[in-house]
Amino acid sequence: MGMAHASAKKTEEPSVISNEEECVPCVEPQDRGPGNPGSFEDLHIKVKDLYPQNFEGARLTINKILSQHFNVTHSIILSSVTPSGYKFGAKYVGTKMVGLKEKYPLAVGEMSPNGNLTASFVNTVGCRFRYKLSAQFDKQKCKASSFSAEYRANDFTVAMTVANPQILKKQGTVVIHFLQSITSRIALGAEIACLRGWKILGIQQTIMCMAFRYSTGPTTFSGTVGEAGLHLCYHRRASSQLELGVELDTNLRTHHSIATIVYQVNVPYADLVFRGIFNSETTVGGVFEKRLYPIPESSLLISGLLNHKKQQFRVGVGLNIGQ
């Protein structure tokens with residue numbers, strides 16, 4: 001029985017390869033080699049995902065799925081700190097499957113009634129090359145724009161980003177990333193950023209840093225060390241319900257450091273998630289999210305943020321309908 005099952009599985013593989021020929025290197029697991037390390041910008045992603053998204057005031061978000069690939073979002077924000085009003089968002093996800101979770105092309109945009117617009121577009125060429133366009137418009141003027149290109153090989157990733165380019169004035173920012181897998185657990189990389197503009201000391205400035213990441217699955221330790229400073233992150237999945245993260249950010253030029261501890265508690269039987277934060281700047285905060293039934297895909301959010309040094313306290317209540 002085992003041999004018959006194995007032979008049947010082998011006969012099915014050619015048909016899968018013929019249908020997904022261009023994306024086989026990203027879908028099929030690598031039997032040899034450490035594998036692709038991912039994007040440089042996701043080096044600290046596990047700790048960043050634990051940060052609570054604190055807000056102030058009242059917020060209502062309604063997400064409507066119009067089709068399998070297109071959905072729209074309506075948001076109403078009432079706050080004395082952030083700009084209040086209505087925002088309309090739209091998201092389109094294409095049909096091209098890369099890997100097990102990624103789908104392209106991907107277009108996301110958000111607009112407010114006064115004309116402010118934030119949009120981004122991500123697509124792939126083949127299975128290894130990705131490019132991204134982002135822009136932000138404020139009062140019919142382009143305030144920020146960027147273009148990114150990324151190539152993912154079997155064991156390394158190289159990317160380049162051009163932000164706010166002004167070709168005629170010879171101003172802008174160019175950032176080059178490189179991340180190499182040494183083993184299945186260890187990755188090393190480097191970043192070179194070149195900034196040019198009249199607001200920069202000496203008109204032009206180049207910043208370099210080295211990066212590393214060590215991951216065993218439940219535990220991840222990552223960091224960047226360079227001229228600008230030191231950035232270290234530690235992530236630990238203590239159990240299926242508890243995740244912890246520690247971050248240390250040191251600026252060598254201003255001689256200022258800040259340490260932060262974040263955590264996430266997931267209680268499945270109660271349908272609630274709590275994310276908390278406290279740091280060396282005497283800031284304590286958290287976001288409580290509770291799923292609501294029988295309303296499908298809806299949740300209630302309660303946010304609180306307290307700064308003891310500044311004696312500031314901000315609280316927010318939000319409702320998400322459709323996710």
Side-chain angles (χ1 to χ4, degrees), residues 39-42 45 48-49 51-64 66 70-94 104-123 130-150 159-177 191 193-201 203-205 207 228 249 251 285 287 301 303 305 307 310 312 314 316-320 322-323:
S39 300
F40 189 96
E41 59 184 11
D42 294 336
I45 190 65
K48 295 299 183 182
D49 286 344
Y51 271 78
Q53 301 298 321
N54 291 97
F55 60 96
E56 192 270 345
R59 187 178 69 181
L60 173 63
T61 303
I62 301 175
N63 185 24
K64 178 65 176 178
L66 301 180
F70 188 73
N71 67 288
V72 296
T73 303
H74 306 273
S75 300
I76 299 177
I77 302 173
L78 300 176
S79 173
S80 59
V81 179
T82 59
S84 302
Y86 167 78
K87 290 185 178 181
F88 173 79
K91 181 179 181 180
Y92 172 80
V93 180
Y104 297 97
L106 175 64
V108 181
E110 187 178 58
M111 178 185 293
S112 57
N114 58 4
N116 293 347
L117 173 66
T118 302
S120 63
F121 177 79
V122 186
N123 201 2
R130 294 167 174 81
Y131 62 91
K132 179 180 180 180
L133 298 171
S134 300
Q136 182 180 357
F137 295 88
D138 185 10
K139 297 179 181 179
Q140 299 180 353
K141 294 183 180 180
C142 184
K143 294 296 184 179
S145 62
S146 65
F147 171 77
S148 302
E150 179 184 83
M160 183 182 70
T161 301
V162 180
N164 302 322
Q166 298 182 15
I167 300 177
L168 298 179
K169 297 182 181 180
K170 297 181 180 180
Q171 296 181 1
T173 302
V174 178
V175 182
I176 299 176
H177 292 147
E191 177 188 65
C194 181
L195 301 84
R196 183 178 177 87
W198 62 272
K199 293 183 179 180
I200 300 174
L201 183 63
I203 301 179
Q204 183 172 327
Q205 185 178 8
I207 302 174
D249 195 357
N251 192 319
V287 174
L301 291 90
S303 171
L305 187 66
N307 189 305
K310 298 180 180 179
Q312 293 180 350
R314 296 174 181 174
V317 179
L319 178 62
N320 293 340
Q323 296 179 354

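Counting begins at 1 with the first residue of the sequence.
- Taking CG of Asn116 as the start and CD of Gln136 as the end, the distance is 8.0 Å to the nearest 0.5 Å.
- Across all non-hydrogen atoms, the minimal contact from Lys87 to Ser112 is CG-CB, 4.3 Å.
- Scanning both residues, Asn164 and Ala144, for their nearest heavy atoms gives OD1-CA, 3.2 Å.
- Other residues, nucleotides and ligands place more than 12 heavy atoms under 6.0 Å from the CD atom of Gln312.
- Among residues two or more places apart in sequence or in another chain, the side chain to side chain donor-acceptor pair (under 3.5 Å) test is passed with Asn71 by Asn63.
- Below 30°, between 30° and 60°, or above 60°: for Phe40 and His177 the angle between ring planes is below 30°, a parallel geometry.
- Evaluation of the side chain to side chain donor-acceptor pair (under 3.5 Å) rule for Tyr86 yields His74 as partners, not counting sequence neighbours.
- Within a 6.0 Å sphere centred on CD1 of Ile203, heavy atoms belonging to other residues, nucleotides or ligands number 12 at most.
- When side chains are defined from C-beta on, Lys91 counts as touching Leu106, because their heavy atoms get closer than 4.5 Å.
- Distance CE/Met160 to CD1/Ile176: 6.5 Å, rounded to 0.5 Å.
- Nearest heavy atoms, Lys132 versus Val122: CG-CG2, 3.6 Å.
- Judged purely by distance below 3.5 Å, without hydrogens or angles, the side chains of Glu110 and Thr118 never pair a donor atom with an acceptor atom.
- The distance from the CD atom of Gln140 to the CG atom of Leu117 is 11.5 Å, given to the nearest 0.5 Å.
- For the atom pair CD1 (Ile62) and CD1 (Ile76), the distance works out to 6.5 Å, reported to the nearest 0.5 Å.
- Residues satisfying the side chain to side chain donor-acceptor pair (under 3.5 Å) criterion with Ser303, sequence neighbours excluded, are Asn54.
- A donor-acceptor pair is defined here as one N or O able to donate and one able to accept, closer than 3.5 Å; no such pair exists between the side chain of Ser145 and the backbone of Ala135.
- Checked by atom type and distance alone, the side chain of Ser39 never pairs as donor or acceptor with a backbone atom of Glu41 at under 3.5 Å.
- Taking the side chain to side chain contact (heavy atoms under 4.5 Å, CB included) definition, one finds that Gln204 meets it with Cys194, Arg196, sequence neighbours left out.
- For the side chain to side chain contact (heavy atoms under 4.5 Å, CB included) test, residues two or more places apart in sequence or in another chain that qualify with Ala163 are Ser146, Thr173.
- For the residue pair Ser148 and Thr161, the shortest heavy atom distance occurs at OG-OG1, 3.1 Å.
- Annotation: Leu66, atom CG; neighbour count of heavy atoms from other residues, nucleotides and ligands within 6.0 Å is above 12.
- Every residue two or more places apart in sequence or in another chain that forms a side chain to side chain contact (heavy atoms under 4.5 Å, CB included) with Arg59 is listed here: Phe55, Thr61, Ile77, Leu301.
- The distance from atom OH of Tyr104 to atom OH of Tyr131, rounded to the nearest 0.5 Å, is 11.5 Å.
- With hydrogens and angles ignored, the 3.5 Å screen pairs a side-chain donor or acceptor of Glu56 with a backbone N or O of Ser80.
- Remark: side-chain polar atoms of Asn307 are paired, donor with acceptor, to backbone N or O of Lys310 under 3.5 angstrom.
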